[in-house]
Structure formats: structure tokens, C-alpha cells
Amino acid sequence: PYTFNKSLHHLIRSNCGDLSLKLLFHFLSRGYTPHLSSFNSVISYFCKLGHLNSAQNLLNSMPKFNCSPDIVSYNSLLDGYCRFLNIRGACLIMKRICCGGGNVRPDLVTFNIMFNGFCKAGMEGAAFMYMGVMWKYCIPNVVTHSTFIDMFSKMGNLDMGFRVLNGMRRDGILPNSVVFTSLIDGCCKFGNMGEAFQLYGEMTESSLLPNVVTYTALIDGLCKQGMLERAEFLFSKMLEDGIRPN
RNA sequence: GUUCAAAACAU
């Protein structure tokens, strides 16, 4: 059984999800009991493919195999609904987490998933409402902040993006390179290359390494504004930094 | 060992 769990995770990590499914069902039919994390890996795999019903069915069937879904199982499913912008479905799962039977409680990841769903669906009002609910359970982390920064960046509301950045710093949460890259991309897309490079500077000053996504956002901004020579220059800078273009 | 946030991609 231990070897089985190992293989299952390995297959999913190496993009052989189909095989992992066959493996799981083969073992279930022979009466083996997979570990909770094996169920969760497969649930998450289904969700990323958009097979939400299969994921849901698998989750529902876990008790038959002496395994209770935990918050990770539910979070995976919740994220599936959010990824495909099925906010109604997500809310139903949320209800089940909060007041359905009750051996699970929402955690910070649960809220981050909901925020991301609302943000990507353009439902900022709902995102802010949930912020209030979150405070009863947990304290926001760097992912929470970067989700909101990304939402503001995509809306072109750079002022609010910077406010969230400053707010997190005030609260002692260190911005990471995802946070910077989200805001840099917002600046680039809304024609504020100056701010974008300022952030790039702050990033390196705080010894965060700009990665290939950071560079792509900047290079894309420069290209789309016709600054091709600056784009080329930045591209060579990226190579000097030892970052491989993809 | 399993769940959440960032970029680009012509025809």
C-alpha cells in the first residue's frame, strides 16, 4: 500500500494522470485502502481537467473505503469549481464545508480559493464580503494579498494594487516575487512602464529574484508599446541573470 | 506524500 501511494503521486506529478486513475480503481476493486492523500491527488487531478462530477463522486465515495474527506479534499473540489468560474457550484461546496455534517472547517486556503474565484469572475463585491467572513477563521497571508493585487492589476486599478502592497508590508507580510510580478504586469498592461521598472528595482533590492514570468511581463509591455530595443536589452539582461527563456 | 496567487504564445 505504501508503494502504491508513492506510485500514484509520482504518476500525477509526471503527467500520467490517466494511469494513476487506472491504478487507483484497480486497487480499490481489490479491496486495498489508499491513503487520504491518494484520494486527494486524484480529486485534484479530476478538477484540473474540469471533470468536476467525477471529482465530486470520488469524494462522496471515500467513506465507503474507510476514508473521510478532509479539508484538502474539499479545497481541491472548491478550486475546481472556481477555476471553471462555476461560482454557484463553489458556493454550494463552501456551504457543505461550513455547515454540512461538520468534520471539516474552512481554512486559509479555502478562503484564498474563494477570493480567487470571485476575483477571476469579476465579482469584487463578493470577494470583499468574504473577507469579513475570513477574519472569523484566519489571518490573510501572502497568497491572499497577491490574489487581490492580481485582481486590481487586471482591472487596471493600480492605485488599489499599490495600496494592498503597502498594506501587507505594514502588516509585516513580506511580498514575494509573485506579488511583485502581478503588480508589474498590471503596470505594463496599463501603460505605466515607469512604475513597472520601479517595482522591478525594489524587487532586486529586497533580494528577490525576478524570474521568467517577471521578465516576460516586462518584455511584453515593452514590445506592445513599440520599445523593441529596450525589450531586447532586457532580454539580454535576463540571460545574464541566468534565466532561461521559455 | 495531497489543495490556493503572477506572464507570453502568429496562422
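Chain identifiers are assigned alphabetically (A, B, ...) following the order of the sequence lines, protein sequences preceding nucleic acid strands; residue numbering begins at 1 within each chain. Just so you know, these numbers come straight off a predicted model, no measurement behind them.
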Would you classify [X] as touching base, sugar-phosphate or nothing, given that sugar-phosphate means primed atoms plus P, OP1 and OP2, and contacts are heavy atoms under 4.0 Å?
X: A:D107; value: nothing
X: A:H145; value: nothing
X: A:S76; value: sugar-phosphate

Can you identify which nucleotide, out of [options], has its nearest atom closest to the [X] side chain?
X: A:V143; options: B:A7, B:U2, B:A5; result: B:A5
X: A:S37; options: B:C4, B:A6, B:U2; result: B:U2
X: A:T147; options: B:A5, B:A7, B:U3; result: B:A5
X: A:V109; options: B:U2, B:U3, B:A7; result: B:U3
X: A:N176; options: B:A5, B:U2, B:A7; result: B:A5

In this structure, how many angstroms lie between the [atom2] atom of [N] and the [atom1] atom of [X], rounded?
X: A:K189; N: B:A8; atom1: NZ; atom2: C1'; value: 8 Å
X: A:D70; N: B:U3; atom1: CG; atom2: C1'; value: 9 Å
X: A:I139; N: B:C4; atom1: CD1; atom2: P; value: 22 Å
X: A:F39; N: B:U3; atom1: CZ; atom2: C1'; value: 16 Å
X: A:R244; N: B:A7; atom1: CZ; atom2: P; value: 23 Å
X: A:D220; N: B:A8; atom1: CG; atom2: C1'; value: 6 Å
X: A:K154; N: B:A5; atom1: NZ; atom2: P; value: 11 Å
X: A:N40; N: B:C4; atom1: CG; atom2: C1'; value: 14 Å

Reckon [X] has a side-chain N or O less than 4.0 Å from the OP1 or OP2 of [N]?
X: A:K224; N: B:A8; result: no
X: A:K120; N: B:C4; result: no
X: A:R83; N: B:U3; result: no
X: A:K48; N: B:U2; result: no

Check this for me: does the side-chain of [X] come within 3.5 Å of the base of [N] through a donor and an acceptor?
X: A:N211; N: B:A7; result: no
X: A:S182; N: B:A6; result: no
X: A:N246; N: B:A8; result: no

Taking the six-membered ring of A:F152, is NZ or CZ of A:R163 closer than 6.0 Å to its centre and within 45° of its axis?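 Judged by the rule (NZ or CZ under 6.0 Å from the ring centre, within 45° of its axis), A:R163 is not positioned above A:F152.
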Is it true that A:E124 and A:K154 have a side-chain N and a carboxylate O under 4.0 angstrom from each other?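 Salt bridge: no.
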Sidechain-backbone polar pair: A:N57 side chain, A:N53 backbone, donor-acceptor under 3.5 Å: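 A pair under 3.5 Å: yes.
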Where does the angle between the aromatic ring planes of A:Y215 and A:Y200 fall among parallel (under 30°), tilted (30 to 60°) and perpendicular (over 60°)?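 Ring orientation, 0 to 90° scale: perpendicular.
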Determine whether A:T147 and A:F118 satisfy the following criterion, side chain to side chain contact (heavy atoms under 4.5 Å, CB included), listing intermediate values before the conclusion. CA-CA 10 Å; A:T147 302; A:F118 287 133; over 6 Å; no
In terms of hydrophobic clusters joined by side-chain contacts under 4.5 Å, are A:F148 and A:V133 together?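 Looking at the clustering, A:V133 is in the same group as A:F148.
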